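Okay, structure first, notes after.
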Amino acid sequence: PSLCTQLPASAPPEHRSPALAATMMSRRVAIAALSVASCVRSSAGAELSANPIRKVVNLLQAMQKKVEQEGDKEKALYEKFMCYCKSGTSDLSASISAAEDKLPQVNSAIEAAE
C-alpha cells in the first residue's frame with residue numbers, strides 16, 4: 001500500500017488535494033463575504049433611494065406609532081381625571097354636608113353675640 005493513493009474521480013475536490021481544498025475554501029469564503037456585502041449595500045441603498053410609495057408607507061407607520069403613544073398618554077390622563085372626578089365629588093359632598101351641619105351652630109353663635 002502506497003501513501004500516495006489515488007482517490008476516485010467521484011470524490012469531492014477537497015479530498016483530492018490539500019492545496020485544492022484550501023483554494024476551494026477561500027473561494028467559498030470570498031463568495032460568502034461578497035454576497036453579505038452586497039446585501040448590506042443594497043439595503044442601505046434601498047433606504048436612501050426608496051420609491052415614493054415606500055416613503056409614504058414609512059411616514060404613515062411613523063405617524064401610527066406617534067398616535068399610539070399619544071393615545072396611551074391621553075388614556076393615562078383620562079384615568080387620572082376620572083379618579084379625581086369620583087373622589088372630588090365625594091369630597092365636595094362631604095364638605096357641603098359638614099357646612100350644612102355647622103350652619104345652625106354659626107347662626108346661634110351670631111344671635112348670641114348680638
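These numbers were taken from a predicted model, which means no experiment stands behind them.
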Worksheet entry | Under 4.5 Å side-chain linkage, directly or through intermediates, the cluster mates of I53 | V57
Worksheet item: Rounded to the nearest 0.5 Å, how far apart are CZ of R54 and CD of Q61?
Response: 6.0 Å
Discussion item. Under 4.5 Å side-chain heavy-atom separation, chaining through any Ile, Leu, Val, Met, Phe, Trp or Tyr, what else clusters with V67? Say none if it is isolated.
Written reply: none
Report all side-chain donor-acceptor pairs from residues 84-94 shorter than 3.5 Å, counting only partners two or more places apart or in another chain.
residue	atom	partner	partner atom	Å
S87	OG	C83	O	3.0
S87	OG	Y84	O	3.4
T89	OG1	C85	O	2.6
S90	OG	S87	O	2.9
S93	OG	T89	O	2.9

Side-chain donor/acceptor pairs under 3.5 Å, residues 98-110, sequence neighbours excluded:
residue	atom	partner	partner atom	Å
S108	OG	P104	O	3.3
S108	OG	Q105	O	2.9

Response to the item:
Rounded to the nearest 0.5 angstrom, the CE-NZ distance for M63 and K66 is 8.5 Å
Worksheet item: Who else is in the cluster with F81 when I, L, V, M, F, W and Y are joined by side-chain contacts under 4.5 Å?
Response: Y78, M82
Practice prompt. Compare all side-chain heavy atoms of Q64 with those of L60 and state whether any distance is below 4.5 angstrom.
Written response: no
